[in-house]
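The next block holds one structure in the form of structure tokens; read it before the comments.
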Amino acid sequence: MPEALSRSTSALAQAVAAVLHPSIPAEAGLSLDDVAGMLAPPKVKNAGDLAFGCFRLAKALRNAPPKIAAELADALPKGGIIKEAVATGPFLNLTIDLGAMASAVLPALARGLGEPVVTRDEKVMVEYSQPNTHKAFHVGHMRNVSLGDALVRLLRAHGHEVVAANYLGDVGAHIAKCLWWYLDMLTQDERTPPAEAKGEWLGELYAKANNQLAQWEDDAKAGDADAQAKLEQAKARTTEILLKLEARDPELTAVWKKTRQWSLEEFDEIYAWSKVVFDRVFYESEVDEPGLTLVQDYLEQGVFVESEGAVGIFNEEIKHMPFFMLRKRDGTSLYSTKDLALAKLKFEEYAIDRSIYVVDMRQSDHFKHVFLTLKKMGFEQAEQCHHVPYEMVELPEGAMSTRKGTVILFRALRERMLGHLEEAYLAKYRGDWSDEEIAQTAHALALGAIKYGMLNRDVNQKIVFDLEAWMNLEGNTGPYIQYSAARLGSILRKAQEAGKTLQAGLVDDPSTLAAAGATLEQPEERELMSALDGLAVAVHNAAEGLKPSTLCTYLHGLAKAVNRFSTSKACKVIDQEGDRLQGRLLLVTAANEALRWGLWQLGIPSPARM
RNA sequence: GCGUCCGUAGCUCAGUUGGAUAGAGCGCCGGCCUUCUAAGCCGGAUGCCGCAGGUUCGAAUCCUGCCGGGCGUGCCA
């Protein structure tokens with residue numbers, strides 16, 4: 001029987017609600033689950049382990065919340081799981097029996113949380129990453145990758161079957177610009193890419209092309225006739241390239257395939273390093289023609305209309321910009337054209353029930369149009385399409401700009417982060433640890449720093465990426481949480497070396513479990529147990545709200561509780577014996593599992609030691 | 001102009017469906033390494049929650065209006 005990894009109420013709240021619920025007058029109209037949902041750790045200190053706010057009962061019981069709290073405090077049976085019940089104003093504050101608390105919270109974690117099991121009918125596709133080939137991959141792209149991958153993992157933990165999808169931009173104007181530079185501005189020798197990072201090299205060509213065109217455009221506007229001529233010539237050439245590509249010109253198609261492959265290989269390498277896996281990769285090139293076919297069909301059906309030579313639809317529901325263009329005057333497709341075909345393809349190919357798009361916030365209007373248009377095309381599943389917007393990543397000096405050369409490329413980020421980690425933190429282990437372990441640890445920590453940094457913030461907050469600041473791995477960071485897990489791992493390792501291990505079968509034996517749990521009387525232990533109790537609810541909320549940031553906040557709080565425990569002289573594990581040893585080993589085992597599993601739901605691996 | 005997002009401590013941000021004394025990280029000041037990792041722990045200072053109304057027993061949270069900033073807004077993706 002797999003434990004539920006995602007729950008709307010905590011294990012402890014459920015156990016307490018089972019006792020509390022019968023004491024609440026039926027007139028209150030609260031179900032057992034309602035009561036469990038209303039139980040939460042108190043927000044003030046020294047008020048017990050769980051609090052029950054009586055506000056919602058006031059109306060039905062025709063009584064003031066403080067009085068209800070007081071009456072409940074009297075009526076509640078003590079001596080079982082509830083050790084003490086005190087009314088403090090409108091709150092009923094409960095102190096829980098330690099053995100019972102440990103029994104409710106720790107076994108499921110200590111057994112190991114394992115792999116997610118499908119418990120929900122709804123099959124979900126999450127589309128994310130969507131990089132363009134022939135362009136560089138930079139830090140901004142990492143926010144999308146981190147977010148999309150975390151959503152895939154969270155939705156799986158939540159019980160959904162999930163298809164992780166990527167959608168590569170391998171057609172369009174940017175390709176023509178890049179190939180123009182590659183073919184016309186480079187000599188034969190210069191057309192040989194470097195051995196590594198061919199995609200990044202292509203991105204440089206694209207940037208050069210783009211910058212040159214922008215420069216000519218500026219100069220032409222300022223009255224420079226020479227620039228005007230060059231600009232027109234270049235535009236004619238890029239259009240020619242684009243048209244030849246669409247016509248499947250053999251020579252150009254061969255160049256396109258070869259260069260495209262360089263980008264694809266680099267993307268694969270980046271994804272592998274980032275530990276993200278896609279079940280399906282869509283390409284713009286595969287939905288281009290189907291999109292145009294759809295546009296033609298629905299134009300003939302009268303759903304779409306012609307306007308100023310272009311084809312589109314007037315979505316009057318979007319008052320500030322009703323026209324949604326689906327085909328350009330020259331008959332070629334747009335982003336929107338392909339999105340129509342892609343949306344249908346997703347549902348047809350995978351029989352999904354919900355389709356999620358992780359795309360930055362600037363495209364919110366675009367997706368409103370896409371979904372609305374699909375609906376008008378008679379595609380009912382449009383209502384199950386959902387855009388998850390997120391704000392941009394910027395640099396301290398402002399938005400990233402290829403033209404100004406202010407982008408931080410992925411490879412530079414990775415190398416700087418790895419180098420910093422090895423020098424500033426891991427150098428002390430050199431010789432002691434194998435080079436391989438040091439490299440693997442640096443890798444895990446770099447992922448922790450980057451992904452946690454990208455996920456910790458709410459999606460509608462901008463992220464200012466200051467590389468130097470991101471090198472500081474203290475405080476509320478991925479490595480801080482990884483560190484707290486590593487210390488727990490260290491405790492378990494040393495305990496084992498001393499021959500002290502968790503007694504086999506303890507988690508399944510109620511009486512020894514309760515006896516061991518009852519020894520966890522230090523404040524640090526109690527707080528840690530309470531924090532651990534919140535894991536499944538944190539996962540539930542993050543998955544339902546599509547907000548990995550809330551899990552980050554939870555894990556940071558859990559890590560703080562762990563570190564208080566780990567540094568407390570009163571909570572030593574190795575020098576203990578008997579029930580207290582077992583209780584602490586159980587707590588450490590559970591916390592270790594919870595932290596590492598929780599981080600992994602964000603796509604962050606935890607090194608065994610650091 | 002219209003749409004949308006943001007505005008909370010010096011800085012960067014949390015703040016569950018309205019509920020207890022608004023929290024955390026960074027930075028600053030002061031402590032803690034002879035026993036499970038100092039990437040850590042403990043203590044201290046700092047707030048007209050942008051402004052003004054409204055709803056409510058109760059508002060950082062909900063409603064309205066304003067102010068300031070970002071982004072989007074017909075042939076890019």
Side-chain angles (χ1 to χ4, degrees), chain A residues 37-38 40 42-45 47 51 53-56 58 64-65 88-91 93 130 132 135 169 171-174 284 307-312 318-330 332 334-336 338-339 359-366 368 389 391-392 394 399 421 424-426 428 445 456-464 466 469 472-477 479-484 486-495 497-498 524 537-538 541 545 549-550 552-553 556-557 559-560 562-569 571-575 584 588 609-610:
Chain A
M38 289 166 71
K43 289 184 179 172
V44 291
K45 299 257 178 202
C54 299
F55 307 98
R56 279 170 57 187
T88 311
F91 289 95
N93 289 329
Q130 311 109 333
N132 284 328
K135 273 192 178 181
V171 293
H174 68 280
E284 283 191 25
S307 172
E308 298 173 28
V311 173
I318 300 173
K319 291 187 281 290
H320 59 283
M321 46 173 291
F323 188 64
F324 186 45
M325 189 181 296
L326 293 162
R327 191 173 79 190
K328 291 186 279 185
R329 198 181 326 201
D330 65 6
T332 58
L334 287 150
Y335 188 43
S336 53
K338 296 161 202 160
D339 257 334
V359 183
D360 76 71
M361 195 171 277
R362 294 174 306 186
Q363 296 186 42
S364 293
D365 281 330
H366 166 80
K368 274 185 202 144
E391 263 289 2
M392 307 304 295
E394 294 182 0
L421 281 161
Y425 293 104
L426 299 172
K428 58 188 171 189
L445 294 174
N456 183 34
R457 191 151 314 204
D458 190 272
V459 286
N460 46 28
Q461 289 285 359
K462 256 186 330 199
I463 291 178
V464 175
D466 180 346
N472 176 11
L473 304 176
E474 292 162 17
N476 189 0
T477 64
Y480 170 81
I481 298 169
Q482 291 168 312
Y483 170 81
S484 59
R487 285 188 67 161
L488 294 179
S490 179
I491 292 173
L492 292 174
R493 201 162 46 242
K494 297 210 166 165
E497 283 164 13
E524 292 90 346
V537 174
N541 291 342
S549 65
T550 61
C552 291
T553 302
H556 177 239
K560 284 206 298 183
V562 164
N563 277 325
R564 285 196 197 108
F565 169 83
S566 300
T567 51
S568 169
K569 304 274 186 223
C571 298
K572 293 272 180 195
V573 177
I574 296 180
D575 50 2
R584 288 187 177 169
V588 171
R609 52 181 181 167
M610 62 188 272

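Here is the naming used below: chain letters follow the sequence lines, and residue numbers restart at 1 for every chain.
For B/C33, the base is syn relative to its sugar; the glycosidic angle is within 90° of 0.
B/C33 and B/C48 have their P atoms separated by 38 Å, given to the nearest Å. With P as the reference atom, B/A77 and B/G72 are 16 Å apart, rounded to whole Å. Nucleotides B/G50 and B/G15 have their P atoms positioned 15 Å apart, rounded to a whole Å. Taking atom P in both B/A20 and B/U73, one finds a spacing of 42 Å when rounded to whole Å. Comparing the P positions of B/C29 and B/C67 gives an interatomic distance of 42 Å, to the nearest angstrom. With C1' as the reference atom, B/U37 and B/C32 are 15 Å apart, rounded to whole Å. For B/G47 and B/A24, the C1' atoms lie 14 Å apart once the distance is rounded to whole Å. B/C13 and B/C71 are spaced 16 Å apart, taking the P atom of each and rounding to whole Å.
Contact annotation: the side chain of A/Arg584 never approaches that of A/Ile491 to less than 4.5 Å [non-hydrogen atoms, C-beta and beyond]. Side-chain atoms of A/Thr567 and A/Arg487, non-hydrogen and from C-beta on, do get closer than 4.5 Å to each other. Taking 4.5 Å as the limit, some side-chain heavy atom of A/Asp365 sits within range of a side-chain heavy atom of A/His320. With a 4.5 Å cut-off on side-chain heavy atoms, A/Pro42 and A/Phe91 do not count as touching.
Listed nucleotides B/G25, B/A20, B/U37 differ in distance to A/Arg609; the shortest reach to its side chain belongs to B/U37. Among B/A14, B/A39, B/U16, the nucleotide with an atom closest to any side-chain atom of A/Asp458 is B/A14.
Residue A/Asn563 contributes atom CG, which lies 15 Å from atom C1' of B/C32 at whole-angstrom precision. Atom P of nucleotide B/A20 and atom CE of A/Met38 are separated by 14 Å, given to the nearest angstrom. Between the C1' atom of B/U37 and the CZ atom of A/Phe565 lies a distance of 15 Å, rounded to the nearest Å. Between the NZ atom of A/Lys572 and the C1' atom of B/G40 there is a distance of 12 Å, rounded to whole Å. For the pair A/Lys319 NZ and B/G74 P, the computed distance is 18 Å after rounding to whole Å. The CG-P distance, from A/Asp466 to B/C26, rounds to 16 Å in whole Å. Residue A/Arg457 contributes atom CZ, which lies 12 Å from atom P of B/G7 at whole-angstrom precision.
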Are there any protein N/O atoms within less than 3.5 Å of an N/O atom in nucleotides 42-46 of chain B, and if so, which ones and at what distance?
from	atom 1	to	atom 2	distance (Å)
B/C42	OP1	A/Arg564	NE	2.5

Please list, for nucleotides 3-5 of chain B, all pairs of protein and nucleotide N/O atoms separated by less than 3.5 Å.
from	atom 1	to	atom 2	distance (Å)
B/G3	O4'	A/His320	ND1	3.4
B/G3	O2'	A/His320	NE2	3.4
B/C5	O2'	A/Asn460	O	3.4

Set out, line by line, the N/O atom pairs under 3.5 Å between protein and nucleotides 75-77 of chain B.
from	atom 1	to	atom 2	distance (Å)
B/C75	O2	A/Arg329	N	2.8
B/C75	N4	A/Glu308	O	2.8
B/C75	N4	A/Arg329	NH2	3.2
B/C76	OP2	A/Lys328	NZ	3.1
B/A77	O3'	A/Glu284	OE1	3.4
B/A77	O3'	A/Glu284	OE2	2.8

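Counting non-hydrogen atoms under 4.0 angstrom, A/Phe55 reaches a base of the nucleic acid. Contacts of A/Asn93 with the nucleic acid, taken as non-hydrogen atoms under 4.0 Å apart, include base atoms. Nucleic acid contact for A/Leu326: none, since no nucleic acid atom lies under 4.0 Å from a heavy atom of the residue. In this structure, A/Lys494 reaches the sugar-phosphate backbone alone: every heavy-atom distance under 4.0 Å involves primed, P, OP1 or OP2 atoms, never a base. Among the protein residues, A/Ala64 comes within range of no part of the nucleic acid, since none of its heavy atoms lies under 4.0 Å from any strand. Here A/Ser484 lies out of heavy-atom contact (under 4.0 Å) with every strand. In this structure, A/Arg493 reaches neither bases nor backbone, as no heavy-atom distance under 4.0 Å exists between it and the strands shown. Within 4.0 Å (heavy atoms only), A/Pro42 reaches at least one base atom of the nucleic acid.
Of the possible donor and acceptor atoms, none in the side chain of A/Arg609 sits under 3.5 Å from a partner among the backbone N and O of A/Gly489. Distance alone, capped at 3.5 Å, is enough to place a donor-acceptor pair between the A/Ser336 side chain and the A/Met325 backbone. Proximity of a side-chain donor or acceptor of A/Ser568 to a complementary backbone N or O of A/Phe565 within less than 3.5 Å is not detected.
For A/Lys338 and A/Glu284, the salt-bridge test passes: some basic side-chain N is under 4.0 Å from an acidic carboxylate O.
Between A/Cys54 and A/Pro65 the shortest heavy-atom distance is CB-O, 3.8 Å. Here the closest non-hydrogen pair linking A/Tyr425 and A/Glu474 is OH-OE2, 4.2 Å. For the pair A/Val588 and A/Leu488, the tightest heavy-atom approach, listed with the atom from each and the gap, is CG1-O, 3.8 Å. Taking each heavy atom of A/Ile574 and A/Ala495 in turn, the nearest pair found is CD1-N, 3.9 Å. Annotation for A/Tyr480 and A/Ala559: closest pair CE2-CB, 3.6 Å, computed over non-hydrogen atoms.
A/His556 and A/Asn456 share no donor-acceptor pair across their side chains, judged by distance under 3.5 Å alone.
Not counting sequence neighbours, the partners of A/Asn541 by the side chain to side chain contact (heavy atoms under 4.5 Å, CB included) test are A/Val537. Remark: A/Asp458 pairs with A/Asn460, A/Lys547 by the side chain to side chain donor-acceptor pair (under 3.5 Å) rule, at least two apart or across chains.
Below the 3.5 angstrom threshold, one finds no donor paired with an acceptor across the side chain of A/Asn456 and the base of B/A24.
Note on A/Arg487: every side-chain N or O is 4.0 Å or more away from OP1 and OP2 of B/A39. When the side-chain nitrogen and oxygen atoms of A/Lys462 are compared with OP1 and OP2 of B/G70, none of them lie within a distance under 4.0 Å. An OP1 or OP2 oxygen of B/C41 is reached within less than 4.0 angstrom by a side-chain nitrogen or oxygen of A/Tyr480. Taking only side-chain nitrogens and oxygens, A/Thr567 never comes nearer than 4.0 Å to OP1 or OP2 of B/G40.
Between A/Ile463 and A/Met610, it is A/Ile463 whose nearest contact on RNA chain B lies nearer the 5' terminus. When the nearest nucleotides of RNA chain B are assigned to A/Val44 and A/Ser566 by heavy-atom distance, the more 5′-ward of the two goes with A/Val44.
In RNA chain B, consecutive stretches of 3 or more Watson-Crick or G-U wobble pairs with both distances under 3.5 Å are given as paired ranges: B:1-7 with B:67-73, B:10-13 with B:23-26, B:28-32 with B:40-44, B:50-54 with B:62-66.
Look at A/Tyr425 and the base of B/A39; the rings stack, centres closer than 5.5 Å and planes less than 30° apart. B/G40 has no base stacking with the ring of A/Tyr483 when judged by centroids under 5.5 angstrom apart and an interplanar angle below 30°.
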Evaluate A/Leu421 against A/Leu473 for side-chain contact (heavy atoms from CB on, under 4.5 Å), listing each step before the verdict. CA-CA 9 Å; A/Leu421 281 161; A/Leu473 304 176; 3.2 Å; yes
